[in-house]
Amino acid sequence: MPDFLKMGLSLMVVGMVATAILAATEAVTREPIAEAKRQEILRALRQVLPEGFDNEPDRDIVEFSDSLLNRKLKPVVFYRARKAGSDLGAAYVVTAPDGYSGNIDIMMAVAPGGTVTGIQIVAHAETPGLGDKAVITDWPDSFKGTTKDNVKWGVKKDGGDFDQFAGATITPRAIVHAVKKGLDFFLANESRIFVPAAPPAASNESP
């Protein structure tokens with residue numbers, strides 16, 4: 001057999017072995033990675049949703065697209081928390097497009113009737129030591145228990161009830177406006193958000 005054919009055959013065998021190893025590794029790690037991502041989502045949901053839910057919010061979802069949630073009309077997942085079938089709240093991500101350094105993604109949760117139960121900043125590019133105080137301080141707690149009417153939705157510099165940060169008013173102003181718009185969407189669509197989950201598809205198997 002010519003040398004070039006031997007070399008080609010060797011390379012093909014090495015390639016097949018490498019592909020098989022990669023496929024096997026992917027198959028082994030697929031489920032653990034998916035479960036790790038799921039637990040990460042659940043940890044974030046527990047930080048903003050009311051306590052006591054007995055369902056699996058990450059599997060009880062509905063999606064909406066609206067400019068109140070983000071300017072690009074990207075579909076937003078609403079994670080619904082329930083206890084014994086009763087609605088406790090829904091968590092979802094709104095995007096503030098006007099942060100100092102661009103978009104700020106905020107996970108917020110609202111209880112039936114329109115009370116904010118918590119917010120968390122999940123993605124941002126704000127200036128360390130200034131704008132990122134919305135992440136590294138307890139400032140997000142100031143949103144807990146707020147409704148459309150029991151606070152003035154703005155930072156204090158603008159006549160609202162929410163603190164701004166020294167030297168960094170743009171970030172809190174953007175977050176307050178985004179949460180308010182997310183709350184407006186919730187109030188306008190509450191009945192659609194909490195529509196009962198579709199029952200599982202009937203099995204074709206014989207009992």
Legend entry - Value rounded to 0.5 Å, distance of CH2 in Trp139 from CG in Asp163: 8.5 Å
Inset, instruction - Using atom types as modelled and distance alone, determine if a side-chain donor or acceptor of Asn55 lies under 3.5 Å from a backbone N or O of Arg82. - result: yes
Inset, instruction - For residues Pro57 and Ile61, report the shortest heavy-atom separation together with the two atoms involved. - result: O-CG2, 3.5 Å
Legend entry - Ile175 CD1 to His124 NE2 distance, which is reported to the nearest 0.5 Å: 8.5 Å
Legend entry - From Tyr92 atom OH to Phe186 atom CZ, the distance as rounded to the nearest 0.5 Å: 6.5 Å
Inset, instruction - Could you check if a side-chain atom of Ser67 sits within less than 4.5 angstrom of a side-chain atom of Leu73, using non-hydrogen atoms only? - result: yes
Legend entry - Non-hydrogen atoms of Pro97 and Arg71 that approach each other most closely: CG-NE, 3.4 Å
Inset, instruction - Flag yes if Val135 and Ile119 sit in one hydrophobic cluster, no otherwise; membership is Ile, Leu, Val, Met, Phe, Trp, Tyr, and two members link when side-chain heavy atoms are under 4.5 Å apart. - result: yes
Inset, instruction - Please answer: with hydrophobic residues joined when any side-chain heavy atoms are less than 4.5 Å apart, are Val176 and Tyr100 in the same cluster? - result: no
Legend entry - Nearest atoms (heavy-atom pairs only) where Ile104 meets Gly99: CD1-CA, 3.7 Å
Compile the donor-acceptor pairs under 3.5 Å between side chains in residues 1-20 and protein atoms, sequence neighbours left out, one pair per line.
from: Ser10; atom 1: OG; to: Lys6; atom 2: O; distance (Å): 2.9
from: Thr19; atom 1: OG1; to: Gly15; atom 2: O; distance (Å): 2.9

Inset, instruction - With sequence neighbours left out, write down each residue that passes side chain to side chain donor-acceptor pair (under 3.5 Å) with Asp138, or none if nothing qualifies. - result: none
Legend entry - Where at least one partner belongs to residues 102-123, residue pairs that pass side chain to side chain donor-acceptor pair (under 3.5 Å), sequence neighbours excluded: Thr95-Asp105
Inset, instruction - Using side chain to side chain donor-acceptor pair (under 3.5 Å) as the criterion, list what pairs up with Asp158, not counting sequence neighbours. - result: Arg173
Inset, instruction - Check the hydrophobic clustering (I, L, V, M, F, W, Y; side-chain heavy atoms under 4.5 Å; chains of links allowed) and say if Leu49 and Leu88 are grouped together. - result: yes
Inset, instruction - Check the hydrophobic clustering (I, L, V, M, F, W, Y; side-chain heavy atoms under 4.5 Å; chains of links allowed) and say if Leu45 and Leu69 are grouped together. - result: no
Inset, instruction - Identify whether Phe194 and Met108 are in the same connected component of the hydrophobic contact network (ILVMFWY, side-chain heavy atoms under 4.5 Å). - result: yes
Legend entry - Where Val195 and Arg80 come nearest, the two heavy atoms and their spacing: O-NH1, 2.7 Å
Legend entry - Sub-6.0 Å ring centroid separation between Phe53 and Tyr79: no
Inset, instruction - Keeping to residues at least two apart or across chains, list the side chain to side chain donor-acceptor pair (under 3.5 Å) pairs with something in residues 174-190. - result: Lys180-Asp184, Asn189-Arg192
Inset, instruction - Please report the closest heavy-atom contact between Ala96 and Ala178, naming both atoms and the distance. - result: CB-CB, 3.6 Å
Legend entry - Non-neighbouring partners of Asp54 that pass salt bridge (Lys or Arg N to Asp or Glu O under 4.0 Å), sequence neighbours left out: none
Inset, instruction - State whether the number of non-hydrogen atoms from other residues, nucleotides or ligands found under 6.0 Å of Glu63 atom CD is greater than 12. - result: yes
Inset, instruction - Report the distance from atom CZ of Arg59 to atom CD1 of Ile41, rounding to the nearest 0.5 Å. - result: 10.5 Å
Legend entry - Straight-line distance of Phe143 CZ to Phe162 CZ, nearest 0.5 Å: 4.5 Å
Legend entry - Atom of Gly89, atom of Pro112 and distance for their closest heavy-atom approach: N-CD, 3.9 Å
Inset, instruction - State yes or no: are the ring centers of Phe64 and Phe185 separated by less than 6.0 Å? - result: yes
